[in-house]
2 protein chains.
Amino acid sequence: MNQPRGLRRDAQANVEKLHSAALTVFSKTGLSAPLEDIAREAGVSIGTLYNRVGSREGLIDAVVPAVMGEKLKALTERTLAEQTPRAKLERFISEMIDLQLSDPAMNDAMLRRFPDATALINACDRSTALGHELVENAHDAGVLSHDFTGEDLMAVLWMVGTASRDRTAPAGWRRVVDRSIAAAWTESSQPAL
Amino acid sequence: MNQPRGLRRDAQANVEKLHSAALTVFSKTGLSAPLEDIAREAGVSIGTLYNRVGSREGLIDAVVPAVMGEKLKALTERTLAEQTPRAKLERFISEMIDLQLSDPAMNDAMLRRFPDATALINACDRSTALGHELVENAHDAGVLSHDFTGEDLMAVLWMVGTASRDRTAPAGWRRVVDRSIAAAWTESSQPAL
DNA sequence: CTAGATATTGAGTGCGCCCTCAAGATATGC
DNA sequence: GCATATCTTGAGGGCGCACTCAATATCTAG
């Protein structure tokens with residue numbers, strides 16, 4: 001959680017101010033927010049921002065993976081608490097969508113818009129792995145069509161993220177996505193209550 | 001097709017050079033290509049570009065609707081030549097997708113990325129109207145689920161356009177879209193050969 | 001208290017693009 | 001051929017953002 005010691009006390013304080021400012025701004029504007037905004041929010045000059053955090057990726061990695069990790073942990077628990085493979089997968093999808101819609105920073109993260117923020121990418125990879133696993137389980141249980149792959153799941157979520165961040169998206173996008181998912185279940189499968 | 005007379009001959013020639021350069025560059029890079037690229041391609045200075053065409057929207061409108069209109073006309077003919085309402089709609093969808101994938105300029109047009117290019121928007125509106133009509137006919141013939149609306153159709157096409165222009169799109173996007181369409185037909189409906 | 005190591009600062013530079021305008025070039029009517 | 005209305009030109013200004021660095025301020029160990 002803390003910086004590699006050796007920083008002067010004021011510098012240390014600035015790091016913390018920058019981190020919390022970054023969190024605020026990222027959640028409002030997304031991970032591509034101007035770094036100047038973050039410096040201002042932290043009450044610190046742009047030079048200091050660079051001195052303390054080095055790069056946008058550094059700042060993202062210092063701050064977002066923790067939040068994201070928390071959310072994913074809770075999400076995973078809720079997902080695995082469901083009874084059937086289908087219910088699990090449905091839960092996962094709807095929770096992931098909620099996460100993306102809840103906050104531009106989460107959305108940018110899931111869309112992998114900053115591939116050099118390696119810690120963040122790792123966090124995302126974990127959720128991707130969970131998704132793939134749930135798809136496989138659903139296949140094994142015979143509730144999900146075999147031509148709906150893990151890749152397809154990720155594509156669905158990518159589209160949700162993309163559509164939601166674009167204000168020119170036409171009204172029907174959500175229905176399109178929902179229909180695509182709905183069509184992937186097998187006949188023998190029962191929707192969760 | 002021509003400028004409102006009164007231009008000196010050299011100026012007139014420049015207009016033409018600019019139009020054809022615009023066509024070339026737009027098809028390669030899309031409608032948001034730097035205007036400087038177009039001036040260079042036309043062998044003319046950036047100042048002249050502004051003198052002759054005024055704005056990006058002016059240039060787009062002077063050049064893209066004609067091409068688009070041609071393509072839409074042919075597309076419409078082919079669509080209406082199909083026998084059944086379902087075949088018509090399927091044809092329309094696949095032709096529209098091909099059009100979007102064929103050329104960044106067409107894609108930007110269909111995505112309505114330049115709402116102030118009014119002539120272009122008009123052309124697009126005509127194809128939208130056709131889409132809505134085909135959806136209605138399919139509803140009337142009982143081959144298309146009533147909860148797949150004209151708006152849904154446009155959302156599908158919007159997603160195709162968006163996914164295809166984003167190189168970070170995951171591999172499965174096309175299948176997601178196809179499944180969404182496939183799921184919209186009613187049981188009584190027969191796919192075209 | 002002070003020297004010197006450590007931080008902060010913000011004006012400045014760069015980049016890509018949009019758009020303008022004064023100075024110079026060119027066509028055209030007479 | 002010449003006068004002049006018409007065009008072209010490209011350097012320059014603006015904008016938003018990333019990123020740097022010499023000058024200045026602040027900590028802290030002794």
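All chains are named by letter (A, B, ...) in the order of the sequence lines, taking the proteins before the strands, and each is independently numbered beginning at 1. For clarity, every value in this text was computed on a predicted model and none was experimentally measured.
- A salt bridge between B:E36 and B:R40 is absent, with no side-chain N of the basic residue lying under 4.0 Å from a carboxylate O of the acidic one.
- Comparing B:I46 and B:R9, the nucleotide of DNA chain C nearest to each residue sits closer to the 5' end for B:I46.
- Considering only side-chain N and O atoms, B:R52 lies under 4.0 angstrom from the phosphate OP1 or OP2 of D:dT8.
- Atom CZ in B:R40 sits roughly 11 Å away from atom P in C:dC18 (whole-Å rounding).
- Here C:dC18 presents its P atom at 11 Å from CD of B:E57, a figure rounded to the nearest Å.
- In this entry the distance linking OH of B:Y50 with C1' of D:dG10 reads 14 Å, nearest Å.
- Atom CG of B:N14 and atom P of D:dT9 are 7 Å apart (whole Å).
- There is a path of hydrophobic side-chain contacts, each under 4.5 Å, that joins A:I93 to A:L99.
- For the pair A:I60 CD1 and D:dA18 P, the interatomic distance rounds to 11 Å; values are reported in whole Å.
- Comparing D:dT9, D:dT8, C:dC18 by their nearest atom to the side chain of B:A11 picks out D:dT8.
- Proximity of A:T48 to the phosphate of C:dT9: a side-chain N or O atom is located under 4.0 Å from OP1 or OP2.
- Whole-Å rounding puts the A:L49 CG to D:dC21 P distance at 17 Å.
- Contact annotation: B:R8 does not reach the phosphate of D:dA5 (side-chain N/O to OP1 or OP2, under 4.0 Å).
- A salt bridge links A:R113 to B:D166: one of the charged nitrogens lies within less than 4.0 Å of a carboxylate oxygen.
- Mapping A:D10 and A:S55 onto DNA chain D by nearest heavy atom places A:S55 at the nucleotide closer to the 5' end.
- For the 3.5 Å distance criterion, the side chains of A:D152 and A:T149 qualify, holding a donor opposite an acceptor.
- Using a cut-off of 4.0 Å between Lys/Arg side-chain N and Asp/Glu carboxylate O, A:D178 and A:R175 are scored as not salt-bridged.
- The distance from atom CG of B:D37 to atom P of C:dG16 is 12 Å, rounded to the nearest whole Å.
- When distances run from any side-chain atom of A:L7 to the nucleotides D:dT9, D:dC17, C:dA7, the shortest one goes to C:dA7.
- Candidate nucleotides D:dT9, C:dA27, C:dC18 were compared by shortest atom distance to the side chain of B:E36, and C:dC18 ranks first.
- Between the P atom of D:dA22 and the CG atom of A:N51 lies a distance of 13 Å, rounded to the nearest Å.
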